[in-house]
Amino acid sequence: MYAQLVKSEGSKSREEMTPEELSFQDRIDRGEKVEPKEWMPEGYRKTLIRQIGQHAHSEIVGQLPEGNWITRAPTLERKAILLAKVQDEAGHGLYLYSAAETLGVSRDELMEKLHSGNMKYSSIFNYPTLTWADMGAVGWLVDGAAIMNQVPLQRTSYGPYSRAMIRICKEESFHQRQGYDIMMKMCAGTPEQKAMAQDALNRFWYPALMMFGPSDKDSIHSAQSMAWKIKMNTNDELRQKFVDQTVPQAKYLGLTVPDENLVWNEEKGGHDFSEPDWSEFFAVIAGNGPCNAERLGARVKAWDDGAWFREGLMAHADKAAARRIAAE
Amino acid sequence: MSSEWPLWEIFIRGQHGLNHRHVGSLHAPDAEMAIRNARDVYTRRNEGVSIWVVRSNDITASSPSEKGPLFDPSNSKVYRHPTFFDIPEEIGHM
Ligand SMILES: [Fe+2]
Ligand SMILES: [Fe+2]
């Protein structure tokens with residue numbers, strides 16, 4: 001998802017837990033929220049920093065593929081909408097960085113870890129956005145997949161994370177709708193426009209399925225994260241939900257999902273579908289996707305080029321504060 | 001490495017006359033920039049008509065371990081709630 005392959009620390013049986021850890025787990029089982037200064041297992045804290053940090057990085061890096069089209073949007077209205085959407089993603093990143101910081105990591109540390117490649121962001125943002133139809137496909141599929149994951153996370157056990165998720169979910173449905181709206185427009189357009197929409201779906205379908213991460217039904221990391229309620233569903237559950245939700249939407253557009261094995265399975269009450277190519281997923285995560293170098297390069301450049309500005313504003317603030325004290 | 005901008009807690013009062021409410025935090029070099037940033041980060045959809053910003057360092061919070069001594073005493077004082085008292089129906093609304 002926006003946080004993929006997050007390794008969780010811990011995974012202890014009740015017998016192995018200390019009394020503190022036991023009462024912590026009981027609180028979570030009762031549905032209580034954990035707040036920043038309260039006692040928490042070190043593993044819980046570390047896993048959350050990893051997960052929220054990766055989620056935040058994804059929101060920020062996720063601005064780049066769409067930012068690519070702001071100057072080339074087909075109308076002024078579409079441009080304003082896309083700009084608002086991309087600005088929202090900056091906001092999402094900021095809410096999440098703040099939530100991570102309540103766990104005792106600094107913003108600069110998080111940035112440094114992103115820039116040095118020690119922390120990841122979602123694999124999906126390492127794919128290029130080649131045509132305007134990609135703005136439709138990204139909103140519809142990528143934000144759609146993100147929503148699938150974020151809605152249950154509103155109930156996560158860590159208070160600041162849960163509150164950030166609630167805010168984000170409120171804003172997110174606009175993102176998916178504006179994407180689907182672009183797809184509807186293009187599919188009702190000329191044959192060339194419809195072909196562009198189909199091409200965008202072809203390219204984004206499997207990367208969108210990869211967003212949920214490989215099957216984790218046997219993973220101890222996932223089991224621990226689910227016990228702590230920082231992961232609410234298995235990757236397969238969410239992927240299935242996403243496919244079942246998206247297939248009729250594609251049908252409405254008159255587009256074909258690029259999967260010959262896609263078929264409704266009456267017995268399970270869901271679609272059967274092909275798994276994405278997981279070797280491609282691991283290659284992208286390892287840094288070898290089509291746009292990894294470009295995306296990370298853009299982030300590092302923005303950070304480095306902005307250094308004089310951040311320092312300048314801080315120097316100005318310090319001087320003004322000194323003047324105020326002198327005048328008192 | 002530059003020094004990080006300080007952290008500010010952001011409080012917003014919405015349209016309907018309710019109190020300022022804590023909505024989150026952000027980094028900014030000074031109070032003025034904190035307000036400008038808060039406008040962009042926390043009021044993109046008309047959420048507010050007034051913003052307060054407070055340096056996070058200037059906030060003193062009750063500690064989680066004091067939860068019991070601080071808040072338990074009010075548990076036993078049920079008579080503070082109007083429903084504690086039975087008022088006969090013929091009295092009407094009270
Ligand atoms: Fe987002
Ligand atoms: Fe979004």
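Every chain is numbered from 1, with letters handed out A, B, ... down the list of sequences.
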Handout entry: Qualifying ring-ring contact (aromatic ring centres under 6.0 Å, His included) pairs with a residue from residues 38-74 of chain B, counting only residues at least two apart or across chains
Key = Tyr95(A)-Tyr42(B), His20(B)-Trp52(B)
Problem - Any His27(B) side-chain heavy atom under 4.5 Å of Arg310(A) side chain - result: no
Problem - Heavy-atom proximity to chain B below 4.5 Å, by part of Arg163(A) - result: neither
Completion exercise
So, the part of Glu47(B) with a heavy atom under 4.5 Å from chain A: the answer is side chain
Practice task
Check whether more than 12 heavy atoms from other residues, nucleotides or ligands sit under 6.0 Å from atom CZ of Phe85(B), and answer yes or no.
Solution key: yes
Completion exercise
Here the gap from Asp30(B) atom CG to Lys319(A) atom NZ, rounded to the nearest 0.5 Å, amounts to 14.0 Å
Completion exercise
Nearest heavy-atom contact between Ala317(A) and Pro29(B) is CB-O, 3.4 Å
Practice task
Can you see which heavy atom on Asp108(A) is nearest to which on Glu4(B), and at what distance?
Solution key: N-OE2, 2.7 Å
Fill in the blank from the handout: Of all heavy-atom pairs linking Arg167(A) and Val41(B), the shortest is NH2-O, 4.3 Å
Practice task
Sort Glu35(A) into side chain, backbone, both or neither according to what part of it lies under 4.5 angstrom from a heavy atom of chain B.
Solution key: neither
Handout entry: Whether over 12 other heavy atoms sit under 6.0 Å from Glu77(A) CD
Key = no
Problem - Test item: Arg44(B) and Glu171(A) side chains (from C-beta on) under 4.5 Å apart, heavy atoms - result: yes
Completion exercise
Whatever's closer than 4.5 Å to a heavy atom in chain B on Asp88(A) counts as both
Exercise for the section: Could you go through the salt bridge (Lys or Arg N to Asp or Glu O under 4.0 Å) check for Lys67(B) and Glu38(A) one step at a time? Expected result: CA-CA 11 Å; Lys67(B) 218 185 204 166; Glu38(A) 295 169 353; 3.7 Å; yes
Practice task
State whether the number of non-hydrogen atoms from other residues, nucleotides or ligands found under 6.0 Å of Arg39(B) atom CZ is greater than 12.
Solution key: no
Handout entry: Interatomic spacing from NZ in Lys37(A) to OG in Ser65(B) - rounded to 0.5 Å
Key = 11.5 Å
Fill in the blank from the handout: Looking only at Ala320(A), Ser98(A), Gly91(A), the option with the highest number of non-hydrogen pairs under 4.5 Å against chain B is Ser98(A)
Exercise for the section: Let me know if Ser106(A) has heavy atoms under 4.5 Å from chain B in its side chain, its backbone, both or neither. Expected result: both
